[in-house]
Amino acid sequence: MDKFLRNMIFKKYKIGSVEFTIIDMIFLLGISISGFMMRMSLKSVVTGDFTVFLEPWINEFKANGFGALKGDFYNYNPPYMIVLYLIALSKINPLTGIKLVSVIFDILIAITVAIIVFNLTKSKFRTMIAYAAAWILPTIVANGSMWGQCDAIYAFFVILSIYCILNDKSLLSMILLGIAFAFKMQALFILPAYIILWAKGKVKIRHFLCIPIIYFISLLPAVITGKSFAATLGIYMVQAKEQVYLEMNWPGLYELIGIEPYYDYYGPAAMWFTLGILMCIMFYLAYKIYHVSKAHMIDIFLYISMVTVYFLPYMHERYGYIAGILTIIVGLVNIRKLYIPIIHVLVSYGAYQSCLSDNRMAPFWIYSFMLLFLILDFGIYIFKYVNANSISYKEV
């Protein structure tokens with residue numbers, strides 16, 4: 001009987017071009033249920049963001065319909081407000097509706113991450129682990145199902161955009177990045193990576209126009225209802241001006257010097273400092289002539305996402321979201337770098353815990369040094385890759 005069962009769970013079935021065994025299916029089903037039940041256990045958690053912002057916004061739509069978009073009660077771009085409007089139209093409990101939207105995009109992220117890992121490794125085992133890791137990643141679960149945040153929406157479009165660029169679909173990639181930016185300003189944190197890839201011939205410069213075009217289209221629903229174009233265009237600027245500390249619960253560089261005393265002096269300078277660092281990275285990678293593999297492209301996206309959030313001021317705990325997802329891909333494509341997602345999730349969840357419980361279990365300067373280690377270590381790895389894969393002008 002035991003032998004029969006063991007043989008049965010290892011029996012192979014072909015789905016498309018990939019062979020699966022019964023034990024593979026049991027694992028995927030089990031991890032899917034596990035991730036779902038994690039989210040179900042958090043569905044009744046109510047945070048201040050829901051009671052102070054999201055619930056009143058939905059109530060505004062219930063009272064005034066779609067025309068409420070002309071008001072000044074919200075500080076999110078129209079696409080997400082339309083999502084809230086649809087929730088208001090439905091009979092779903094607002095808290096449940098908000099979290100359900102995030103869960104849908106959580107599963108889409110997990111599937112996309114798995115597809116990218118399979119595309120890069122052709123390993124069924126690593127692909128399944130990628131799906132599992134992305135589906136039950138504590139920060140992703142906490143973000144949408146506990147906190148009720150919407151970062152999964154823009155993150156999905158960013159990750160899908162990256163998948164498209166890996167497969168030489170430049171136009172579609174930039175359209176998806178434009179959609180991501182329409183939902184959240186933080187989508188542009190990885191724009192320098194696309195500029196580097198443009199220098200490598202992976203993106204066409206005219207396709208960058210998709211970003212502002214889609215962004216302006218996304219403003220039209222509010223403008224049509226009567227909100228001034230200038231006010232709608234300024235939503236992201238309003239968000240930027242709401243910050244009161246050099247770090248807003250993300251353990252970046254400024255946790256090492258103090259986040260409060262230097263706010264007025266270091267804030268604007270820190271943004272230019274970050275731009276300078278990014279310019280150095282972009283110049284080096286664009287200047288060097290070397291073979292750019294798909295795995296290296298993912299490395300560039302991860303490195304830019306880590307550097308940007310670490311050095312920019314005013315960063316919230318949620319802004320490491322994209323980097324957290326990309327660490328899973330990098331760690332499974334290159335097993336020697338598996339420590340990167342482990343360290344990153346420890347830091348990220350520490351930041352979440354600080355915000356949600358208003359209690360720091362560990363000094364943030366420790367987390368800041370942990371991130372600095374990842375940036376330096378991964379930067380050295382990229383430097384070595386570039387030099388090891390350099391080619392002469394004659395070979396170009």
>> Membership question, hydrophobic clusters at under 4.5 Å side-chain separation (ILVMFWY): are I82 and L233 in the same one?
In response: yes

> Given D72 and K227, is the side-chain contact (heavy atoms from CB on, under 4.5 Å) satisfied, shown in steps?
Replying inline: CA-CA 8 Å; D72 296 322; K227 192 179 182 77; 2.8 Å; yes

> Counting only N and O atoms by type, is there a donor-acceptor contact under 3.5 Å from the side chain of N334 to the main-chain atoms of V330?
Replying inline: no

>> Using a 3.5 Å distance criterion without hydrogens, assess whether the side chain of R126 forms a donor-acceptor pair with backbone atoms of V333.
In response: yes

> Can any side-chain N or O of T225 pair as donor or acceptor with the backbone N or O of A222 at less than 3.5 Å?
Replying inline: yes

> Are D377 and Y339 linked by a side-chain donor-acceptor pair shorter than 3.5 Å?
Replying inline: yes

>> Does Y352 form a ring-ring contact (aromatic ring centres under 6.0 Å, His included) with W147? I'd like the steps, not just the answer.
In response: CA-CA 10 Å; Y352 271 62; W147 203 341; 5.7 Å; yes

> For the residue pair W57 and Y74, does the interplanar ring angle fall in the parallel (under 30°), tilted (30 to 60°) or perpendicular (over 60°) class?
Replying inline: perpendicular

> Going by heavy atoms in the side chains, are K288 and S390 under 4.5 Å from each other?
Replying inline: yes

> Name the one of F369, F364, W365 that satisfies ring pair (Phe, Tyr, Trp, His ring centres under 6.0 Å) with Y367?
Replying inline: F364

> Taking the six-membered ring of W135 as reference, does the NZ or CZ atom of R39 fall below 6.0 Å from its centre and within a 45° cone about the axis?
Replying inline: yes

> Can you check whether M81 reaches Y76 side chain to side chain, under 4.5 Å on heavy atoms?
Replying inline: yes

> For F27, what residues pass the ring-ring contact (aromatic ring centres under 6.0 Å, His included) criterion, not counting sequence neighbours?
Replying inline: none

> Is L171 close to C210 at the side-chain level, that is, under 4.5 Å between some pair of heavy atoms?
Replying inline: yes

> Going only through I, L, V, M, F, W and Y residues with side-chain contacts under 4.5 Å, is there a path from F383 to V292?
Replying inline: yes

>> Hydrophobic cluster membership, with links at side-chain heavy-atom distances under 4.5 Å among I/L/V/M/F/W/Y: are I300 and Y284 in one?
In response: yes

>> Here's one to test your reading of the geometry: is the NZ or CZ of K200 within 45 degrees of the ring axis of Y287 and under 6.0 Å from its centre?
In response: no

>> Are N167 and Y163 packed together at the side-chain level, in the sense that at least one heavy-atom pair is separated by less than 4.5 angstrom?
In response: yes

> Heavy atoms, side chains only, cut-off 4.5 Å: are V103 and S145 in contact?
Replying inline: yes

> Under 3.5 Å, is there a donor-acceptor pair linking the side chains of Y319 and T308?
Replying inline: no

>> Would you say the ring centers of F105 and Y154 fall short of 6.0 Å from each other?
In response: no

> Between I217 and Y85, is there a shared hydrophobic cluster once you connect ILVMFWY residues whose side-chain heavy atoms come closer than 4.5 Å?
Replying inline: no

> Looking only at atom types and distance, does a side-chain atom of K99 sit under 3.5 Å from a main-chain N or O of L42, one as donor and one as acceptor?
Replying inline: yes

>> Looking at F311, is its backbone amide N or carbonyl O close enough to the side chain of T274 to form a donor-acceptor pair, meaning the two atoms are under 3.5 Å apart?
In response: yes

> Taking the side chain from S170 and the backbone from V203, do they hold a donor-acceptor pair closer than 3.5 Å?
Replying inline: no

> Is L376 reachable from Y254 through a run of hydrophobic residues whose side-chain heavy atoms are each under 4.5 Å from the next?
Replying inline: yes

> Can you name the nearest heavy-atom pair linking A182 to N77, along with the distance?
Replying inline: O-ND2, 3.0 Å

>> Consider side-chain contact (heavy atoms from CB on, under 4.5 Å). Of I322, L312, I304, which one does F189 pass it with?
In response: L312

> Given the rule in the side-chain contact (heavy atoms from CB on, under 4.5 Å) test, do S218 and F181 qualify, once you have shown the distances and angles that lead to the verdict?
Replying inline: CA-CA 10 Å; S218 76; F181 178 59; over 6 Å; no

> How far apart are the C-alpha atoms of S32 and Y131, what are their side-chain angles, what is the distance that settles it, and do they pass the side-chain contact (heavy atoms from CB on, under 4.5 Å) test?
Replying inline: CA-CA 9 Å; S32 298; Y131 166 77; 2.6 Å; yes

>> I'd like to know whether Y303 forms a side-chain contact (heavy atoms from CB on, under 4.5 Å) with I190, so could you lay out the CA-CA distance, the side-chain angles of the two residues, the decisive distance to 0.1 Å, and finally the verdict.
In response: CA-CA 9 Å; Y303 194 62; I190 63 166; over 6 Å; no

> How are the rings of H344 and W250 set relative to one another: parallel (under 30°), tilted (30 to 60°) or perpendicular (over 60°)?
Replying inline: tilted

> Can you check whether S102 reaches Q149 side chain to side chain, under 4.5 Å on heavy atoms?
Replying inline: no

> Taking atom types as modelled and ignoring hydrogens, do the side chains of T139 and S348 form a donor-acceptor contact shorter than 3.5 angstrom?
Replying inline: no

> Can you say whether the rings of F61 and F73 are parallel (under 30°), tilted (30 to 60°) or perpendicular (over 60°)?
Replying inline: perpendicular

> Hey, are the side chains of K62 and P94 touching, using non-hydrogen atoms and a 4.5 Å cut-off?
Replying inline: yes

>> Any side-chain to backbone donor/acceptor pair from N64 onto G67? Under 3.5 Å, distance only.
In response: no

> So does K202 pair up with D168, basic N to acidic O under 4.0 Å?
Replying inline: no

>> For a 4.5 angstrom cut-off between non-hydrogen side-chain atoms, does K70 reach I224?
In response: no

